[in-house]
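Below is one structure, written out as structure tokens; the observations come after it.
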Amino acid sequence: MTSEIGSTVLGYPRIGPQRELKRALESYWAGRSGEEQLRETARTLRTQSWRELHEAGLGSVPSNTFSYYDQVLDTAVTFGAVPERYRELGLDPLDTYFAMARGVESTPPLEMTKWFDTNYHYLVPEIGPDTGFGLADRTPVERFQEARELGITTRPVLVGPLTFLLLSKSAEGAPSSFAPLHRLDDLLEVYAELLGELHRAGVEWVQLDEPAFAADREPAELEKLRGAYRRLGELTARPKLFVPTYFGDPGEALGVLASSPIEAVGVDLVAGSTTMEVLSGLTGLRNKTLVAGLVEGRNIWRTDLDDALAKAATLLGLAGEVSVGTSCSLLHVPYDVEAEQDIDPQVKSWLAFARQKVEEVVLLDRALHEGREAVRGRLDKARAPIEDRRNAARLHDKAVRDRISKLRPRDADRGEYTKRRADQQRALGLPPLPTTTIGSFPQTTDVRKARAQLRDGKIDEATYNTRMVDEIQRVITMQEDLGLDVLVHGEPERNDMVQYFSEYMNGFVSTLNGWVQSYGSRCVRPPILFGDVSRPEPITVEWAKKAQSMTSKPVKGMLTGPVTILAWSFVRDDQPLGDTANQVALAIRDEVGDLESAGIGVVQVDEPALRELLPLRSERHGHYLEWAVRSFRLATAGVTDATQIHTHLCYSEFGEVINAIVDLDADVTSLEAARSRMEVLDDLNEVGFARGVGPGVYDIHSPRVPDSDEIEKLLSAALEAVPAERLWVNPDCGLKTRGYEEVRTALENMRVATERVRGSSRS
């Protein structure tokens, strides 16, 4: 039986195979091009994606998955959830949208945080009792019509109403008893209106994503889910409704959806370890389509088609129809592995990017519905790289495994904190409220050009190193002129905080075109961790020594922590993640020790992804946090008490990992706090955090520059929660994406504000 949906994907990359949207956005923001040029680039990318998916043979092609910045922000705009401060700017619709995402000089942007346990960032909607929901934007209808003009019938995709509200925050001034979910009935009226318009436009299917139900949910929230899809399902003039959950097990929510009057349910059978068991006990799917997410949407390894088909076969008979899909949107993987010409050929044969995953979906669906014999040759061909990877000797390094086997519990412990603090103060002699930055400084055109010239063989390594040293001198001089207390070398030699380290470690390969959107125009190229990890030689030591030789002030050694290296890489799936984390931790430990031996007295080991990898279900938190914390401590515990260890965390909701932040045992922890107005400090105080802390006072993800009064207010608020002797002053994150002019002004304002607050605290 062929499903009405047929083989499908839940979403597709949208930044462009060559990051065309990134360049168009940044050109528009800089005023080098106009709105029509930006919109034309967007139209071209949408057309390419629809045609590619249609021609690949998918039974159903999604639309409305394109975004100029973020799909959650798009949903807020579609349903009129635009805070009044942005409406008051008097901008046209597109610039109002970008003001919400990026801020303008007079108005900060919406808060930003991670999309579940991925490295994608979404803008957090603000919902209050008086938010005026209404169908303010008809983009979902327009995108369907745009594709239909190309001869392609699509399935519009929207963030589901429950997930939208559960991801929102209460608007400023809302009563403490208010929660955005209280507005569900009002929002459903507007969803119903949009569904009616889509129906009149000829839409047959609509996809409403509800990934929030792969996380822990209260019984009242499950009842809200039941009521919402009863309300939408009972509409008389609407498209058929397809509701996927993903990123894990939907648990009880799956039964709620199965019993509702919708036509199709989607499940993630890659991350959902117990979903198959739940499915086998449901009866409500007998008259529905089940879209089985059998092809991994977040990692880049080829699917074991034999295993996937065996799993799919057990689903036949559990639902009215079964079709094959991806576990989640393919937004999280690069476009095409065939664009990689320089990657190790054996490793390349093991990989599947978005285009290859579409082929796997189509092949699996044909095998499921037409029988294996219909695609026997293709299945046999697909089996070879799976077997090759499974048996590859290069995955294992005996020396690494022997070292891991000899670890002792005390290898992850440092001395008592109060003694460390005294030793560090004697060594560093820092003033109250020491000022610093998080690590990176702006990556100029000249820096990027030099890196490209070295890669292309147009300059030699000596010339490249000279240019990088010149840039480091510029950064050190600027920080000294500004009067900062603990300096950084600016990281001009680094392309990315994870990719850079992976290029110097065994067990990784890097891509040239494997770009993935992180947010807006920000893209990353996650390295591929395929085998056992080790560090053959020092990576950062010579750069740190060079920077320290330029100043009498302490310069931080800058490293990336093991959890973040895993989170921002495509990681091997043939062993437990904690085992891989320990291997990376030992490689970082070697680097920390070499930095200390070279005279670097402050070492920062960043872990911005600590919260990101937290499992969505609380029952799995303990196991994850145990190995995550241990890997950080293993990486940082090999130094003397006098060496000050910093860590940095950013753009996450910290509440669920607040005890783990304490357990990291870093001497100083810097955190994102500017957009959230220092909210995190209350959480830290509740658990008795007594280490140094640097809550960010400058939101670097926005082009606006805070003045000294704004920063002073943030510092004053921080001092109400943290005593001056433990408070550090720093931006939210690294400055790589900003320009020198704005950075100099912002850091000068930060210094001025700090001096005022120091004076006030002394008096």
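Position 1 is the first residue of the sequence, and the numbers go up from there. This one's a predicted model, so the numbers in the text were calculated from it and none came from an experiment.
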Qualifying residue for side chain to side chain contact (heavy atoms under 4.5 Å, CB included) with Ile588, from Ile539, Thr636, Leu559, Leu634
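It is Leu559, the one option of Ile539, Thr636, Leu559, Leu634 that forms the side chain to side chain contact (heavy atoms under 4.5 Å, CB included) with Ile588.
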Nearest atoms (heavy-atom pairs only) where [X] meets [Y]:
X      : Y      : answer
Leu10  : Ser327 : CD1-O, 4.0 Å
Asp336 : Arg355 : OD2-NH1, 3.1 Å
Val541 : Ala598 : CG1-CB, 3.7 Å
Pro244 : Asp209 : CG-OD1, 3.2 Å
Ile15  : Gly520 : CD1-O, 3.7 Å
Ser502 : Ser510 : OG-OG, 3.7 Å

Any donor-acceptor pair under 3.5 Å linking the side-chain atoms of [Y] with those of [X]?
X      : Y      : result
Ser618 : Asp216 : yes
Thr303 : Glu296 : no
Ser631 : Asn582 : no
Tyr335 : Asn513 : no
Asn495 : Glu503 : yes
Gln517 : Arg14  : yes

So, taking the atom named [atom1] in [X] and the one named [atom2] in [Y], what distance separates them when rounded to the nearest 0.5 Å?
X      : Y      : atom1 : atom2 : value
Asp663 : Ile658 : CG    : CD1   : 11.0 Å
His646 : Trp728 : NE2   : CH2   : 4.0 Å
Gln424 : Ile645 : CD    : CD1   : 8.0 Å
Asp306 : Leu379 : CG    : CG    : 7.0 Å
Leu351 : Asn299 : CG    : CG    : 9.5 Å
Leu616 : Asp117 : CG    : CG    : 4.5 Å

Presence of salt bridge, [Y] and [X], under 4.0 angstrom:
X      : Y      : answer
Asp667 : Arg691 : no
Arg403 : Asp590 : yes
Arg408 : Asp411 : yes
Asp532 : Arg572 : yes
Glu591 : Arg535 : yes
Arg455 : Asp342 : no

Checking salt bridge (charged side-chain N to carboxylate O under 4.0 Å, His left out) against Arg420, which of Asp641, Asp413, Asp665 comes through?
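Among Asp641, Asp413, Asp665, the one that satisfies the salt bridge (charged side-chain N to carboxylate O under 4.0 Å, His left out) with Arg420 is Asp665.
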Determine yes or no for a side-chain-to-main-chain donor-acceptor pair under 3.5 angstrom, with [X] supplying the side chain and [Y] the backbone.
X      : Y      : result
His621 : Pro615 : yes
Arg494 : Phe501 : no
Trp301 : Val571 : yes

Identify, with sequence neighbours excluded, every residue that meets side-chain contact (heavy atoms from CB on, under 4.5 Å) alongside Glu387.
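Only Arg383, Arg390, Asn391 meet the side-chain contact (heavy atoms from CB on, under 4.5 Å) criterion with Glu387.
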Aromatic plane relationship, Tyr464 with Trp543 - under 30° parallel, 30 to 60° tilted, over 60° perpendicular:
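Correct class here is perpendicular.
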Any side-chain heavy-atom pair of [X] and [Y] under 4.5 Å:
X      : Y      : result
Thr580 : Leu529 : yes
Pro334 : Phe570 : yes
Val486 : Lys556 : yes
Ile700 : Ile438 : no
Val533 : Val400 : no
Tyr500 : Glu491 : no

Give a yes or no on whether [X] atom [atom1] has more than 12 heavy-atom contacts from other residues, nucleotides or ligands under 6.0 Å away.
X      : atom1 : answer
His623 : NE2   : no
Lys546 : NZ    : no
Gln346 : CD    : yes
Glu537 : CD    : no
Glu277 : CD    : no
Glu626 : CD    : no

Lys/Arg cation over aromatic Phe247: Arg298, 6.0 Å, 45° cone
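That pair qualifies as a cation-pi contact.
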Could you work out, with ring-ring contact (aromatic ring centres under 6.0 Å, His included) as the rule, every residue matching Tyr519, not counting sequence neighbours?
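Expected list: His121, His701.
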Test side chain to side chain contact (heavy atoms under 4.5 Å, CB included) applied to Leu166 and Phe213, step by step
CA-CA 10 Å; Leu166 288 167; Phe213 288 87; 4.1 Å; yes
Side chain to side chain contact (heavy atoms under 4.5 Å, CB included), that's the test. Do Asn730 and Thr437 meet it? Break it down for me.
CA-CA 5 Å; Asn730 46 257; Thr437 65; 5.9 Å; no
Residues Met468, Leu454; criterion side chain to side chain contact (heavy atoms under 4.5 Å, CB included); working and verdict:
CA-CA 12 Å; Met468 294 303 103; Leu454 177 66; over 6 Å; no
Can Asn506 and Ser534 be said to form a side-chain hydrogen bond (donor to acceptor under 3.5 Å, both in side chains), step by step?
CA-CA 5 Å; Asn506 295 330; Ser534 61; 3.1 Å; yes
Asp606/Thr560 under side-chain hydrogen bond (donor to acceptor under 3.5 Å, both in side chains): CA gap, chis, key distance, verdict
CA-CA 5 Å; Asp606 291 342; Thr560 303; 5.5 Å; no
Would you please test Tyr12 and Thr326 for side chain to side chain contact (heavy atoms under 4.5 Å, CB included) and show each step?
CA-CA 10 Å; Tyr12 205 63; Thr326 50; over 6 Å; no
side-chain hydrogen bond (donor to acceptor under 3.5 Å, both in side chains) for Thr245 and Glu210? Distances and angles first, verdict last.
CA-CA 5 Å; Thr245 62; Glu210 294 288 6; over 6 Å; no
Please find out if less than 6.0 Å separates the ring center of Phe508 from that of Tyr504.
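That pair fails the under 6.0 Å test.
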